[in-house]
Amino acid sequence: MNEFPPRDRARHPPALYEPYKSTRLRAPQQPLLQMPTGPAEEGGPVFGPDLIGPQDADLIHNFAAEGGAAIGPRIVVHGRVMDEFGRPVPGALLEVWQANAGGRYRHKREGYLAPLDPYFGGCGRVMTGDDGAYRFHTIIPGAYPWPNGPNSWRPAHIHFSLFGQAFAQRLVTQMYFEGDPLIPLCPIVQSVPDADGVAALTATLDMDAAVPMDSLAYRFDIVLRGRRQTPFENNPEGL
Amino acid sequence: MARETPSQTAGPYVHIGLMPNAAGIAGFYGQDIGSVMVSDPDVVLTGCIYDGDGALVTDAVIEVWQADIGAFGRSAADAETGEYRFETRRAEDAFLTLWIIARGINIGVHTRAYWPGQVPDLPGLDGTRAQTMVMREAGPGAFRFDIHLQGPEETVFLDV
Ligand SMILES: [Fe+2]
């Protein structure tokens, strides 16, 4: 019981954020019922490394015909998944999805006029190693318009879903790209309460991880909720 | 302490990433995660998700976790009927854990579906709202749990 400190709700977007219109009818209006974590939240589904197929972490090739490759600027995305106490989270499952280089998703409800890339599915997954590190290959997705305001555009982004070792750690988020001028214009990004939180969602160019003559690289570190493990953590006042 | 990475909405195209086979992007994964919860199901749970206007939310993904038997399920609201569906087993726990993500949901909402006859015993829970966390029997082995994101019938959501 009570293995996880309460979620730091001030870190996350509020349920209702008026400039993001879809929240208006979907945000709960009653306060959340606060309770300590218990067995139902302190464990979670375990996905072994066998889940991950050889091409799952390669979005450039995992939907392409033999010998083909997705169109777009080739990148490596990598980073570490840590918890709030600074410990790596091994065996975390990351599922990612994104638009193609033209800003078009492969989805039956998607109607943007940019074309599909026959060689790009837009879906991948990867599991962290013992040090919490992950890495996948993809292309930089395009910005795309969406029906929020009369001329709303999403900055380029990759959607992430994460499972740690407990259901309490479940997280879905989006990764942005350093320097994108659409970031400050996007109400979904700006729903994050402070600049530090936006920075945490913004991947940085990482030339050290780039593959010469092949791919640039972006670094995106992720922090999941942390499980208390030591007497000090159980008693943050240090008493 | 480091601060948790902020949540962002899953957006309308969440199915591409979480249930690609169901979304018609077949070919590079085996079956979708959570599409089979247990090998020998004996109950079916279905329901719909409603917004503050009472309209069906047809783009949500809902996850279920049963800690007592280690069963995990994932279902997409049907694009037309809005219905989600899980086939699982009824085990010891009084409830199933549910987590819902969708366009317009900035951070996944967490609730519990208690089996009929169970009384959610949670500190601070308003007795008149407790029934929003209880399934109803819909036939032999069939259970129903509708979720209201807002409005007078708003489901109790947990900060846990
Ligand atoms: Fe998106």
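Computed over heavy atoms, backbone and side chain alike; hydrogens, waters and symmetry mates excluded. Within every chain, numbering begins at 1; the chains are lettered A, B, ... in the order of the sequence lines, protein sequences first and strands thereafter. Fair warning: this is a prediction, and the values are worked out from it, not measured in the lab.
- The contact between B:Ile101 and chain A is made entirely by side chain atoms (from C-beta outward), counting heavy-atom distances below 4.5 Å.
- Counting heavy-atom pairs closer than 4.5 Å to chain B, the top-ranked of the candidates A:Thr37, A:Leu16, A:Leu171 is A:Leu171.
- Heavy atoms of B:Val160 lying under 4.5 Å from chain A belong to its backbone as well as its side chain.
- Of the listed residues (B:Leu18, B:Asp126, B:Leu96, B:Asp93), the greatest number of heavy-atom pairs within a distance under 4.5 Å of chain A belongs to B:Leu18.
- Between A:Pro36 and A:Met1, the closest heavy-atom pair is CG-CE, 4.1 Å.
- Per-residue counts of heavy-atom pairs under 4.5 Å with chain B were compared for A:Gln174, A:His159, A:Arg24, A:Arg170; the largest is that of A:Arg170.
- Ranked by heavy-atom pairs shorter than 4.5 Å toward chain A, the options B:Arg103, B:Gln66, B:Arg112 are led by B:Arg103.
- For B:Thr97, the part sitting under 4.5 Å from any heavy atom of chain A is the side chain, from C-beta outward, and nothing else.
- Top candidate by heavy-atom pairs under 4.5 Å with chain B, chosen from A:Phe47, A:Phe160, A:Phe4, is A:Phe47.
- Residues A:Met127 and A:Tyr134 are not in side-chain contact: their nearest non-hydrogen atoms beyond the backbone lie 4.5 Å or more apart.
- Exactly one residue among A:Arg7, A:Arg11, A:Arg225 makes a salt bridge (charged side-chain N to carboxylate O under 4.0 Å, His left out) with B:Glu4. That residue is A:Arg7.
- In this structure, chain A has heavy atoms under 4.5 Å from both the backbone and the side chain of B:Ala79.
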From CA spacing to verdict: side-chain contact (heavy atoms from CB on, under 4.5 Å), A:Arg9, B:Ile107: CA-CA 10 Å; A:Arg9 292 274 162 185; B:Ile107 179 164; 3.8 Å; yes
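- The residue among B:Ala10, B:Gly30, B:Gly34, B:Gly124 with the most heavy atom pairs within less than 4.5 Å of chain A is B:Ala10.
- Ring planes of B:Trp99 and A:Phe167: perpendicular class, angle over 60° (limits at 30 and 60°).
- Using cut-offs of 30° and 60° on the angle between ring planes, the pair B:Phe86 and B:Tyr84 is tilted.
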Do B:Arg3 and A:Val223 pass the side-chain contact (heavy atoms from CB on, under 4.5 Å) test, and can you show the C-alpha distance, the side-chain angles, and the key distance before you say yes or no? CA-CA 7 Å; B:Arg3 298 186 75 187; A:Val223 178; over 6 Å; no
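- With a 4.5 angstrom heavy-atom cutoff, B:Ile33 touches chain A only via side-chain atoms.
- The candidate with the highest count of non-hydrogen atom pairs below 4.5 Å against chain B, out of A:Arg154, A:His157, A:Arg106, is A:Arg106.
- Shortest non-hydrogen contact noted between B:Ile69 and B:Val38 is CD1-CG1, 4.1 Å.
- Ring centroids of A:Tyr112 and A:His107 are separated by 6.0 Å or more, keeping the two rings apart.
- The aromatic rings of B:Tyr13 and A:Tyr105 lie tilted to each other, with the angle between the two planes from 30° to 60°.
- Neither the backbone nor the side chain of B:Tyr50 comes within contact range of chain A, judged by heavy atoms closer than 4.5 Å.
- In this structure, chain A has a heavy atom under 4.5 Å from the side chain of B:Ala67, while its backbone stays farther away.
- For B:Leu125, the parts lying near chain A are the backbone and the side chain together; criterion is any non-hydrogen pair under 4.5 Å.
- Heavy-atom pairs under 4.5 Å with chain B peak, among A:Gly53, A:Ala200, A:Gly43, at A:Gly43.
- When each of B:Val109, B:Val156, B:Val57 is checked for heavy-atom pairs under 4.5 Å with chain A, B:Val57 comes out on top.
- Heavy-atom distances place no part of B:His148 under 4.5 Å from chain A, backbone and side chain included.
- Proximity to chain B (any heavy atom under 4.5 Å) is shown, for A:Ala40, by both the backbone and the side chain.
- For B:Pro123, the part lying near chain A is the backbone, with the side chain staying farther off; criterion is any non-hydrogen pair under 4.5 Å.
- Put simply, the side chain of A:Thr128 reaches to within 4.5 Å of the side chain of A:Leu94, judged on heavy atoms.
- When the candidates A:Val172, A:Leu32, A:Leu25, A:Val96 are compared by the number of heavy-atom contacts under 4.5 Å with chain B, A:Leu25 comes out ahead.
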